[in-house]
Amino acid sequence: MRIIGQRVQVRTPEQNDDYDLFEIYSNQKVGNLAGWKAHQNIQITRNVLMGFIFNNETFVIELLETKKVIGTISLYKDTFRYKVSAADIGFSLNQRYVGYGFMHEALMLILDYAFKNLKFDVVGCSHIIGNERSKNTILSAGFVFEGLVRKYRRLYDGSIIDAAIYSITSEEFNNLKGSK
Ligand SMILES: CC(C)(COP(=O)(O)OP(=O)(O)OC[C@H]1O[C@@H](n2cnc3c(N)ncnc32)[C@H](O)[C@@H]1OP(=O)(O)O)[C@@H](O)C(=O)NCCC(=O)NCCS
């Protein structure tokens, strides 16, 4: 899969993305915001990358200008809704590239793919309470706040987090695109 935008492309990961992905996943600040443990060595990243390639749910965000992989974006099958074609999005960005709108661009590309190509009815997204940057990114893509889920998930360190959850329907996304 490959979707080309103005400044980034979202594509299927490859084995030689390992160093760029390690740069993202070895940062505990990113891990704390997203809810996972920072990778201690590149072998962990390589194992995770094999999973990405096998599962076909996580894609990399590559800068068109430099070809550097600066983030990941995942389109997971939703396990919450029943008999509705639904997906859930997760994302992470290399901290050196925060503040330039790259995730916003990648999110719009993957939403277009999710609704137009994969025909999802609705796409969800969530963030740990307090992750304001993620909240802004989610809202800027047109997601609608659904509510707060208490004790949403137990993390690797045993702590349990509350989360804010959002969704965007195919109709909302099409209206948004039509209005631009
Ligand atoms: C969440 C995360 C991806 C947000 O990164 P980000 O760069 O702020 O995201 P966006 O792509 O939405 O960019 C918005 C920022 O770029 C700026 N920007 C610059 N050019 C822009 C453009 N063309 N379009 C949109 N925004 C632009 C915006 O003003 C905003 O910056 P500001 O908040 O300082 O004003 C990043 O902080 C991250 O990886 N966090 C750790 C992992 C994580 O939280 N994952 C989410 C788990 S749910």
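Read the numbers this way: they start at 1 and go in the same order the structure lists the ligands and their atoms.
Of the protein's non-hydrogen atoms, Gly101 CA, 3.3 Å is the one closest to atom 27 (C) of ligand 1. Looking at atom 39 (O) of ligand 1, its nearest protein heavy atom turns out to be Leu93 N, 2.8 Å. Atom 38 (C) of ligand 1 has Gln95 NE2, 3.7 Å as its closest protein atom, hydrogens excluded (heavy atom only). Of the protein's non-hydrogen atoms, Phe91 O, 3.9 Å is the one closest to atom 47 (C) of ligand 1. Distance from atom 20 (N) of ligand 1 to its nearest protein heavy atom, with residue and atom name: Tyr100 O, 3.2 Å. Nearest protein heavy-atom contact of atom 10 (P) of ligand 1 is Thr137 OG1, 3.7 Å. For atom 42 (C) of ligand 1, the closest heavy atom belonging to the protein is Val30 CG1, 3.7 Å. Closest to atom 36 (C) of ligand 1 among all protein heavy atoms lies Val98 CG2, 4.0 Å.
For ligand 1, the polar-atom distance check against Ala34 finds no nitrogen or oxygen pair separated by under 3.5 Å. On a distance-only criterion, Gly99 and ligand 1 share at least one N/O pair closer than 3.5 Å. Taking any N or O of His104, backbone or side chain, at least one lies under 3.5 Å from an N or O belonging to ligand 1. Residue-to-ligand polar distances place Arg133 within reach of ligand 1: an N/O pair is separated by less than 3.5 Å. An N or O contact shorter than 3.5 Å links Asn131 to ligand 1 by distance.
Residues Asn32 and Gln28 have side chains that bring a donor and an acceptor to within less than 3.5 angstrom of each other. In this model, a donor atom of one side chain and an acceptor atom of the other lie less than 3.5 Å apart for Glu23 and Asn94.
With ring centers used as reference points, Phe115 lies under 6.0 Å from Phe173.
The pair Arg11-Asp17 counts as a salt bridge, with a side-chain nitrogen and a carboxylate oxygen less than 4.0 angstrom apart. Comment: Glu14 does not engage Lys67 in a salt bridge, judged by the lack of any side-chain N to carboxylate O separation of less than 4.0 angstrom. Between Glu105 and Arg7 there is a salt bridge, with a side-chain nitrogen of the basic residue lying less than 4.0 Å from a carboxylate oxygen of the acidic one.
A cation-pi arrangement, defined by a distance under 6.0 Å to the six-membered ring centre and an angle within 45 degrees of its axis, is present between Arg46 and Tyr19.
Between Leu49 and Pro13, the shortest heavy-atom distance links the atoms CD1-CB, 3.7 Å.
For ligand 1, the atoms sitting less than 4.0 Å from at least one non-hydrogen atom of Phe102 are 11 (O), numbered in the order shown with element in parentheses.
With respect to Thr72, the side-chain contact (heavy atoms from CB on, under 4.5 Å) criterion is satisfied by exactly one of Leu21, Ile61, Leu93: Leu21.
Nearest to atom 48 (S) of ligand 1 by heavy atom, out of Gly90, Ser74, Ser126, Cys125, is Ser126.
Partners of Tyr25 according to the ring-ring contact (aromatic ring centres under 6.0 Å, His included) rule, which considers only residues two or more places apart in sequence or in another chain, are Trp36, His39.
Ligand 1 does not have Gly71 within reach: every non-hydrogen atom of the residue lies 4.0 Å or more from it. At least one heavy atom of Arg7 sits less than 4.0 Å from an atom of ligand 1.
In terms of hydrophobic clustering, with Ile, Leu, Val, Met, Phe, Trp and Tyr side chains grouped at heavy-atom distances under 4.5 Å, Ile89 and Val122 are assigned to different clusters.
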